[in-house]
Structures are given as structure tokens and as C-alpha cells.
Engineer: 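Just passing along the structure, written as C-alpha cells.
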Amino acid sequence: TWFAEPITTHAAEYPNVKFIELDGVAEGENVVSVNFSFKDGGYLAGVAAAMLSAKTDIPGIDGAKVIGYVGGIDVPTLQWIEAGYKAGAASVDPDIQVLSAYVGSFSDPTTAKELAIAQIDAGANVIIASAGGSGLGVLEAASEAGVYCIGFDQYETGNYASSFFTTVERGIDSITYDVIKSITDGDWVGGQEKTAIAACPTWRTSSPSWARHSPRTFPTVSTRSSAR
């Protein structure tokens, strides 16, 4: 990530300071890096989208076997999510079609809405928005069309809640808390890389009533010492 290089530099300059690198790998015996398995989170979202797309007894689902992906910027992280999403969907239905588009920005909901509308017009009834603030445009398009949206680190409890199916959650808050707690508990071990698996689905009270049937799940974190 953007912060890996400066953290590596400053960690060497300040060896008595503990650093946490989120979403990347920085070097140093006083650094703990946390990476996220975006493909796994995307895969689970793809499974959820394909399963929902087959539920023709649910309003807005017509059995067209088309789902969508709208990303923010076309960068490796989002490409991994997209690849996992497609693989997860194909594991449920090899014949399902996944439409993909990138906004080119994390802060352009207008363009995101236009891309989502184009996918909906092409038959998509479930779209994942991995687009930061641009994702609000996808939510709006899904709500107006009566179809469904999956978020990424994003929840909707307002005007578009009825179209918000679920989200992929990295759980950055709980992961950061655990690492900081390891310092206060005296269990800190630097020079490590942790891998967090983004979890999906996570069900919220904002989800449609028929979707609120599963307990919330949290990311699973595994730890391994990285080679230094």
C-alpha cells in the first residue's frame, strides 16, 4: 500500500516505537503488518450474489442469471475482489454472467450510478459495490430499480436499506483493537504479518426482512511470522 514504504523507513528510524501497517506489508522488527485476503471476501460475496440471483420467489429477482460488479479504481486490490467474486458466483452456477465496470474514482457516485443502471438494464439483479463513496450511486440505482446491492466495508441503514442485501467486512476495528491490546497485555511480537479473511455475509437489521436469518460473522485472523 501507500504506507508500507514510509512505515518501513520510519520504523527503522524509531526502533522503540511500535507500528501497525494495515492493508499491506512493512518491514521491521517493531512492525506488525495486517494483510487482507480480498479474493476470499470477494468469493464469498460472489456465492451470496449467485444464490440470491436464483431466488425467484424474492421480489426483484427474475432468474436472469446476471449479476454485477462495480469497482472504484482499477487497481490490484479491487481486481482481486472482482476475481474472487466471479469465482464464487461460478461455483454456484457456472452459467451465471458477471458484468464488471470501474468508476475511476472512489468519490463519484454519479458515474457509479450510471454504470449500475447499465448493468441493471443488461439484466443484473444483484450488484456488489466495491467503490468507496462511489458505492452510494450503486445503492441508489439498485433501490430505484428494485434490485439488490452488496457492499464492501459499507452498510446502508437509510433510504436504500430495502435493497441492501449484505456486505463484505474486513473488521479493521476489531483487528486494530486486538493488535493494540497485545501491546497493553505484553504479548506484542513484532516482525509479523497477519492475514485477515474478510467475512461475508454479515447480516444487519438494515437488510431486507427475508435476509435477516443468520448470525453475524467476523473476520478470522491467522498469524504467521514473516521472513525478515
Side-chain angles (χ1 to χ4, degrees), residues 36-72 74 77-103 112-113 115-131 134-135 137-156 160-170 197-204 206-220:
F36 297 94
S37 181
F38 290 100
K39 284 184 180 178
D40 289 335
Y43 185 95
L44 293 171
V47 169
M51 292 179 69
L52 174 59
S53 184
K55 297 289 185 180
T56 54
D57 57 326
I58 292 174
I61 302 297
D62 58 8
K65 292 189 176 185
V66 181
I67 59 176
Y69 171 93
V70 175
D74 191 358
T77 297
L78 270 65
Q79 292 166 7
W80 297 336
I81 297 170
E82 179 188 1
Y85 184 71
K86 290 179 176 178
S91 74
V92 175
D93 184 351
D95 296 325
I96 200 164
Q97 181 182 5
V98 182
L99 307 175
S100 297
Y102 285 89
V103 180
K113 182 177 180 179
L115 294 173
I117 289 173
Q119 293 183 357
I120 293 166
D121 288 345
N125 46 39
V126 186
I127 303 174
I128 185 171
S130 181
S134 297
V138 180
L139 274 167
E140 185 173 357
S143 178
E144 291 177 357
V147 297
Y148 299 96
C149 181
I150 295 175
F152 200 99
D153 280 340
Q154 177 183 3
Y155 297 98
E156 174 56 42
Y160 313 127
S162 62
S163 287
F164 189 77
F165 177 47
T166 186
T167 192
V168 179
E169 182 180 75
R170 286 183 291 172
I197 301 175
C200 174
T202 55
W203 310 98
R204 296 284 183 144
S206 60
S207 300
S209 59
W210 47 263
R212 298 198 294 267
H213 65 272
S214 176
R216 181 179 177 179
T217 56
F218 287 93
T220 301

Engineer: Compare every heavy atom of A131 with every heavy atom of V70, then report the nearest pair and how far apart it is.
Structural biologist: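 For V70 and A131, the tightest heavy-atom pair comes out as O-CB, 4.0 Å.
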Engineer: Applying side chain to side chain contact (heavy atoms under 4.5 Å, CB included), can you list everything that pairs with I117, at least two apart in sequence or on another chain?
Structural biologist: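 I117 satisfies side chain to side chain contact (heavy atoms under 4.5 Å, CB included) with K113, D121, A141 only.
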Engineer: Taking only residues two or more places apart in sequence, or in another chain, which ones meet Y69 in a ring pair (Phe, Tyr, Trp, His ring centres under 6.0 Å)?
Structural biologist: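 Applying ring pair (Phe, Tyr, Trp, His ring centres under 6.0 Å) to Y69 gives Y102.
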Engineer: Search all heavy atoms of S134 against all heavy atoms of A112 and return the closest pair with its distance.
Structural biologist: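 It is O-CB, 3.0 Å.
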Engineer: Listed by chain and number, what are the salt bridge (charged side-chain N to carboxylate O under 4.0 Å, His left out) partners of D93, not counting sequence neighbours?
Structural biologist: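 D93 satisfies salt bridge (charged side-chain N to carboxylate O under 4.0 Å, His left out) with K65 only.
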Engineer: Of all residues at least two apart in sequence or in a different chain, which pass the side chain to side chain contact (heavy atoms under 4.5 Å, CB included) check with A64?
Structural biologist: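 Here the qualifying residues are D62, V66.
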Engineer: Which heavy atom of L78 sits nearest to which heavy atom of G72, and what is that distance?
Structural biologist: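 Closest approach of L78 to G72, heavy atoms only: CD2-N, 3.1 Å.
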Engineer: For residues 41-56, which side-chain N or O atoms pair as donor and acceptor with protein atoms under 3.5 Å away, sequence neighbours left out?
Structural biologist:
| from | atom 1 | to | atom 2 | distance (Å) |
| --- | --- | --- | --- | --- |
| Y43 | OH | S91 | OG | 3.3 |
| S53 | OG | N125 | OD1 | 3.0 |

Engineer: I need the minimum non-hydrogen distance between V98 and A89, along with the two atoms involved.
Structural biologist: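 For V98 versus A89, the nearest heavy atoms are CG2-CB, 4.3 Å.
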Engineer: Examine distances only and state if a side-chain atom of S163 and a backbone atom of V147 form a donor-acceptor pair shorter than 3.5 Å.
Structural biologist: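 Pair found, side chain donor or acceptor close to backbone of V147.
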Engineer: So, for Y148 and S162, which heavy atoms are closest and what is the spacing to 0.1 Å?
Structural biologist: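 Nearest heavy atoms, Y148 then S162: CE2-O, 3.8 Å.
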Engineer: Heavy-atom distance under 4.5 Å between the side chains of L99 and I127, does that happen here?
Structural biologist: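 Answer no - side chains too far apart.
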Engineer: If you define the side chain from C-beta out and look only at heavy atoms, does anything of F38 sit under 4.5 Å from V168?
Structural biologist: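 The answer is no; the side chains never approach within 4.5 Å.
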